[in-house]
Student: 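Quick one: this structure, given as structure tokens, is what I'll be asking you about.
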Amino acid sequence: MCDDKKRNDCGCISDILNKIIRLQRNSFKACSQEGCDKPFLGPDEVTCYNTRPISLYNCTTGGIWEVDGATIFRLESIDDCCCTCRILNFAGGAYTSTNQFFTIDLNCVSAVKCYDDAYIAI
């Protein structure tokens, strides 16, 4: 835990991650809409994204968190100051999901980097 942070004082990062969770959970609701007011162009759901890939930065070293060689993750859940992420692979310009997860204390995170939204088969 960073020396300059108080335990459970992860408000800013927690707020950002909660917004990402809401966006990801609502993504398929929007994709299933039909008619003139559907929120995407094109005939298929692939145009609707279901993931905002992220990287997390260590508050002690300032370096990017690496888990099993991966540095890009999909946020799966958040509970107070802990979040669970899925490890993503990135190759050939596309993300693929894994069945590997980890949980991190947000008091150990100094920054979040968001990448372009993507559709990832889960």
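Computed from a prediction, not measured in an experiment: that's the story for all the values here.
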Student: Counting C-beta onward and ignoring hydrogens, is there a side-chain heavy-atom pair between T51 and Q24 closer than 4.5 Å?
Tutor: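 SC-SC contact between T51 and Q24 confirmed.
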
Student: Contact between I104 and C83 at the side-chain level, heavy atoms closer than 4.5 Å - yes or no?
Tutor: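 Yes - at least one pair of side-chain heavy atoms lies under 4.5 Å apart.
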
Student: Does R74 use its side chain to pair, donor to acceptor, with the backbone of N50 at less than 3.5 Å?
Tutor: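 Confirmed, R74 side chain pairs with N50 backbone.
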
Student: Shortest non-hydrogen contact from N107 to D105?
Tutor: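 In this case the closest contact between N107 and D105 is N-OD1, 2.8 Å.
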
Student: Can you tell if the side chain of T96 reaches within under 4.5 Å of the side chain of I120, non-hydrogen atoms only?
Tutor: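 The answer is no, as the side chains (C-beta and beyond) never meet within the 4.5 Å cut-off.
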
Student: Between atom CG of L23 and atom CG of N18, what is the distance when rounded to the nearest 0.5 Å?
Tutor: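 Reported value, rounded in 0.5 Å steps: 11.0 Å.
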
Student: Please round to the nearest 0.5 Å and tell me the distance separating atom CG of D68 and atom OG1 of T71.
Tutor: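 Rounded to the nearest 0.5 Å, the CG-OG1 separation comes to 12.0 Å.
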
Student: Which atom pair, heavy atoms only, marks the closest approach of C85 to F73?
Tutor: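 Looking at all heavy atoms of both residues, the closest pair is CB-CB, 3.8 Å.
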
Student: Take a 6.0 Å sphere around CG of D116 and say whether it holds more than 12 heavy atoms from other residues, nucleotides or ligands.
Tutor: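 No - once you tally the heavy atoms of other residues, nucleotides and ligands closer than 6.0 Å, there are 12 at most.
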
Student: In terms of hydrophobic clustering (I, L, V, M, F, W, Y; side-chain heavy atoms under 4.5 Å; direct or indirect links), are L17 and V67 co-clustered?
Tutor: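 L17 clusters together with V67.
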
Student: Would you compute the distance between atom NZ of K113 and atom CD1 of I54 and round it to the nearest 0.5 angstrom?
Tutor: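 That separation rounds to 12.5 Å.
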
Student: Let me see the working for R52 and L75 under side-chain contact (heavy atoms from CB on, under 4.5 Å), right down to the final yes or no.
Tutor: CA-CA 8 Å; R52 180 162 293 162; L75 186 61; over 6 Å; no

Student: Working note: I87 + I72, criterion side-chain contact (heavy atoms from CB on, under 4.5 Å); need CA distance, chi angles, decisive distance, verdict.
Tutor: CA-CA 7 Å; I87 295 173; I72 301 176; over 6 Å; no

Student: Are N58 and S110 packed together at the side-chain level, in the sense that at least one heavy-atom pair is separated by less than 4.5 angstrom?
Tutor: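 No - every pair of side-chain heavy atoms lies 4.5 Å or more apart.
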
Student: Is the closest side-chain donor-acceptor distance between T103 and T84 under 3.5 Å?
Tutor: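 On atom types as modelled, these side chains qualify, holding a pair under 3.5 Å.
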
Student: Using ring centroids (six-membered ring only for Trp), state whether Y119 and Y49 fall under 6.0 Å.
Tutor: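 No - the distance between ring centres of Y49 and Y119 does not fall below the 6.0 Å cut-off.
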
Student: Find out whether R86 and N99 are in side-chain contact, i.e. whether some heavy atom of one side chain is under 4.5 Å from a heavy atom of the other.
Tutor: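 R86 reaches N99 side chain to side chain.
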
Student: Donor-acceptor pair, distance only, cut-off 3.5 Å: does the side chain of T98 make one with the backbone of L88?
Tutor: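 No, because the side chain of T98 does not come within donor-acceptor range (under 3.5 Å) of the backbone of L88.
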
Student: What I'd like to find out is whether the side chain of I78 reaches to under 4.5 Å of the side chain of L106, using heavy atoms alone.
Tutor: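 They are in side-chain contact.
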
Student: Got a sec, which residues hit ring pair (Phe, Tyr, Trp, His ring centres under 6.0 Å) with Y115, two or more places apart in sequence or on another chain?
Tutor: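 With neighbours one apart ignored, the set is empty.
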
Student: If every non-hydrogen atom of C59 is compared with every non-hydrogen atom of V109, which pair is closest and at what distance?
Tutor: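 Answer, listing the atom of C59 first, then V109: CB-C, 4.0 Å.
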
Student: On the 0 to 90° scale, with breaks at 30° and 60°, tag the F90-Y95 ring pair as parallel, tilted or perpendicular.
Tutor: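 F90 and Y95: tilted rings.
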
Student: Could you walk me through whether C81 and C10 pass the disulfide (SG to SG under 2.5 Å) check?
Tutor: CA-CA 6 Å; C81 282; C10 59; 1.9 Å; yes

Student: State, to 0.1 Å, how close S97 and I122 come at their nearest heavy-atom pair, and which atoms those are.
Tutor: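 Taking S97 first and I122 second, the nearest heavy atoms are OG-CA, 4.0 Å.
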
